[in-house]
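Numbers here simply count residues along the sequence, with the first being 1.
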Amino acid sequence: MNGKRVIGYSNRVPGAGGGLHFAIVGTGIVGVSAAAWLQRDGHKITFIDPREAGEACSFGNAGSLSPSACLPVGMPGMWRNVPKWLLDPDGPLVIRAHYLPRALPWLLRFMRASSEKEVTRIAGAVRDLLRPVFDAYEPLLQRAGAMSLVRRNGCLYVYSSRDSAQRWKWGMDLRRSLGVEMQEVDSEQLSELEPALKGIFRFGHFAPDNGSTPDPEALVKAIYGRSIKDGAAHLRAAATGFQLRDGVVGSVLLDNGDALDVDGVVVAAGAWSGKLARRLGARVPLESQRGYHVTVKDPNIRLNRNVMAVEHNMMVNPMDSGLRLAGTVEFAGLDAKPRYRRAEALFRKGQELFPGLKGSENSYWMGHRPCLPDSLPVIGRAPAAENAFFGFGHGHVGMCGGATTGREISHLVAGRGTEVDLEPFSPTRFH
């Protein structure tokens, strides 16, 4: 272990012989994006993750790339629905009985963050993070030769009627106040945009600046693969801690007993980041909101873009592998086995919403969304180590915010001013 001290990143000359060796803990969308942006500054990268790239939460998300997705999970008045949801084993929110004592403090914080004042503040911060989603992805995907993995054809938020949409008016107005374009569309316009919706949904909002990916796993693997070609290494082990000396990480400790000497580290391990963050001085209430999806290989219906069925909290995305239906939140921790009945319930709900939907070959999945009670990720320098940085906790907007987070971390490393105000995402905001 070299115990080297790294001081004054702003005095280093990236790409001119002054490159540093960074460990990136995690190979999800945030980790690979941070690696790619750091490589653009001339730094050497070693990934640390026992999994292959893009095979955890980044694999199974709904594929949204939406600058409009700035509203937090907790919205004003949501608490009124919680008792009803908890009584429905297939509903949008489930807390397994054994996990309730552990989840309760987190949920109380979540409710405190759901006031109108807090939601307005949080939405503004998330909007700033998501606004440059396509600009932040473009140089990474251009270099990876993977621009075809981004679609920019908008997103539809759909409702059973115009009157039903009024229940979500406050949130839509908040989006508009933050510069999100939301166009009202009647039933006829809906049918023109998405013929498969004819007669089912009768009102909607079209967000023309949104987009999606037809294969989130392939997108992550493309950026990762380019990083490997550009010289990155991958240690298939789990990080367990760090050797610190005088406020600097000198080595990353691994579960196989080895230690990797580094000049810096980025913790981007998703829902598994909490313990590592504590070892670097940050106490963050990170929780897994376990999400499920069903992907229907031959759905018998065709959609052209992401569709969010707002009343049912379901995102539907046409992907290369089939039609993906995603949603629901389950609290049960990192170790409990999946209950795929929740994914099966998504399919049944999909058949109610889309009567033509068929599914002889369905695949089911469960993953761990890394979530903080204020729906804001943790992005910034670690309190206990000047050469350690965090990028985790993106919850439901990991694909939307991953590339921007990587870009901002590269700015912090270089000593440049960030393009996004990172104060709302501070690692010490819960202290």
Side-chain angles (χ1 to χ4, degrees), residues 56-64 69 71-114 119 167-168 171 270-274 285-296 308-317 324-353 357 359 362-376 392-399:
C57 196
S58 292
F59 169 84
N61 65 82
S64 172
L71 299 185
V73 177
M75 293 292 288
M78 177 183 284
W79 61 271
R80 299 185 186 93
N81 297 318
V82 171
K84 177 181 66 176
W85 290 340
L86 292 179
L87 292 173
D88 182 358
D90 296 329
L93 172 63
V94 165
I95 305 174
R96 295 199 195 176
H98 79 277
Y99 203 72
L100 181 58
R102 181 167 177 178
L104 189 57
W106 191 97
L107 291 168
L108 292 174
R109 279 181 158 178
F110 173 80
M111 297 309 297
R112 286 197 295 270
S114 301
V119 167
R167 292 168 51 197
W168 288 270
W272 292 268
S273 300
L286 185 65
E287 184 56 76
S288 166
Q289 288 188 15
R290 296 152 58 105
Y292 290 80
H293 84 218
V294 55
T295 302
V296 185
M308 179 66 185
V310 179
E311 293 155 287
H312 307 280
N313 195 38
M314 179 186 292
M315 177 72 79
V316 186
N317 189 9
R324 179 165 295 176
L325 292 75
T328 80
V329 168
E330 178 185 58
F331 287 89
L334 293 171
D335 299 322
K337 293 182 179 180
R339 287 182 176 170
Y340 287 115
R341 60 174 288 175
R342 294 187 60 71
E344 293 166 354
L346 282 170
F347 178 63
R348 291 194 298 273
K349 177 60 69 175
Q351 287 184 307
E352 292 178 22
L353 300 178
L357 180 65
N362 297 348
S363 63
Y364 301 104
W365 174 89
M366 186 280 291
H368 297 280
R369 301 188 193 98
C371 294
L372 282 303
D374 58 3
S375 296
L376 294 171
F392 62 83
H394 291 69
H396 297 249
V397 295
M399 291 301 296

Q: Examine distances only and state if a side-chain atom of Arg342 and a backbone atom of Gly91 form a donor-acceptor pair shorter than 3.5 Å.
A: yes
Q: Say whether, by atom type as modelled, one donor and one acceptor occur between the side chain of Ser288 and the main chain of Leu334 under 3.5 angstrom.
A: no
**Q.** Spacing of CH2 belonging to Trp168 relative to CG belonging to Leu71, to within rounding of 0.5 Å
**A.** 12.5 Å
Q. Can you name the closest pair of heavy atoms from Pro338 and Met366 and give their distance?
A. CG-CE, 3.7 Å
**Q.** 4.5 Å side-chain heavy-atom contact, Met308 and Asn313
**A.** yes
**Q.** Cationic N near anionic O, under 4.0 Å, Glu352 to Lys349
**A.** yes
Q.
With side-chain contact (heavy atoms from CB on, under 4.5 Å) as the criterion, how do Arg369 and Val329 come out once you've worked through the C-alpha distance, each side chain's angles and the decisive distance to 0.1 Å?
A. CA-CA 9 Å; Arg369 301 188 193 98; Val329 168; 3.8 Å; yes
Q | Rounded distance [0.5 Å steps], OG in Ser375 versus NE2 in His394 | A | 12.5 Å
Q) Are any of the side-chain heavy atoms of Leu346 and Thr328 separated by less than 4.5 Å? A) yes
**Q.** Taking every non-hydrogen atom, the tightest pair across Met75 and Gly171
**A.** CE-CA, 4.1 Å
Q. Does the side chain of Gln289 come within less than 4.5 Å of Cys371's, by heavy atoms?
A. yes
**Q.** Heavy-atom pair of closest approach, residues Tyr364 and Ala343
**A.** CD2-CB, 3.3 Å
Q | Whether Tyr292 side chain and Arg339 backbone form a donor-acceptor pair below 3.5 Å | A | yes
Q) In Å, rounded to the nearest 0.5 Å, how long is the span from NE2 of His293 to CG of Asn61? A) 9.5 Å
(Q) Please report the interatomic distance CZ(Phe110) to CG(Leu372), rounded to the nearest 0.5 Å. (A) 12.0 Å
Q. Would a 4.5 Å heavy-atom cut-off, applied to side chains only, mark Leu93 and Phe331 as touching?
A. yes
Q. Hey, are the side chains of Trp365 and Arg324 touching, using non-hydrogen atoms and a 4.5 Å cut-off?
A. no
Q. Side chains of His368 and Trp272: does their closest heavy-atom pair fall under 4.5 Å?
A. yes
Q.
Please give me the minimum heavy-atom distance between Pro373 and Arg109, naming the atom from each residue.
A. CB-CB, 3.7 Å
Q. Can you name the nearest heavy-atom pair linking Ala336 to Ala332, along with the distance?
A. CB-O, 3.5 Å
Q. What distance do Leu325 atom CG and Leu357 atom CG have between them, rounded to the nearest 0.5 Å?
A. 6.5 Å
**Q.** Verdict with supporting geometry, Glu287 and Tyr99, side-chain contact (heavy atoms from CB on, under 4.5 Å)
**A.** CA-CA 12 Å; Glu287 184 56 76; Tyr99 203 72; 2.9 Å; yes
(Q) Which heavy atom of Pro83 sits nearest to which heavy atom of Arg80, and what is that distance? (A) CD-O, 3.7 Å
Q. Can you tell me how far CG of Asp374 sits from CZ of Arg112, rounded to the nearest 0.5 angstrom?
A. 11.5 Å
Q. Is there a side-chain contact between Leu353 and Val316, using heavy atoms and a 4.5 Å cut-off?
A. no
Q. Would a 4.5 Å heavy-atom cut-off, applied to side chains only, mark Arg96 and Arg290 as touching?
A. yes
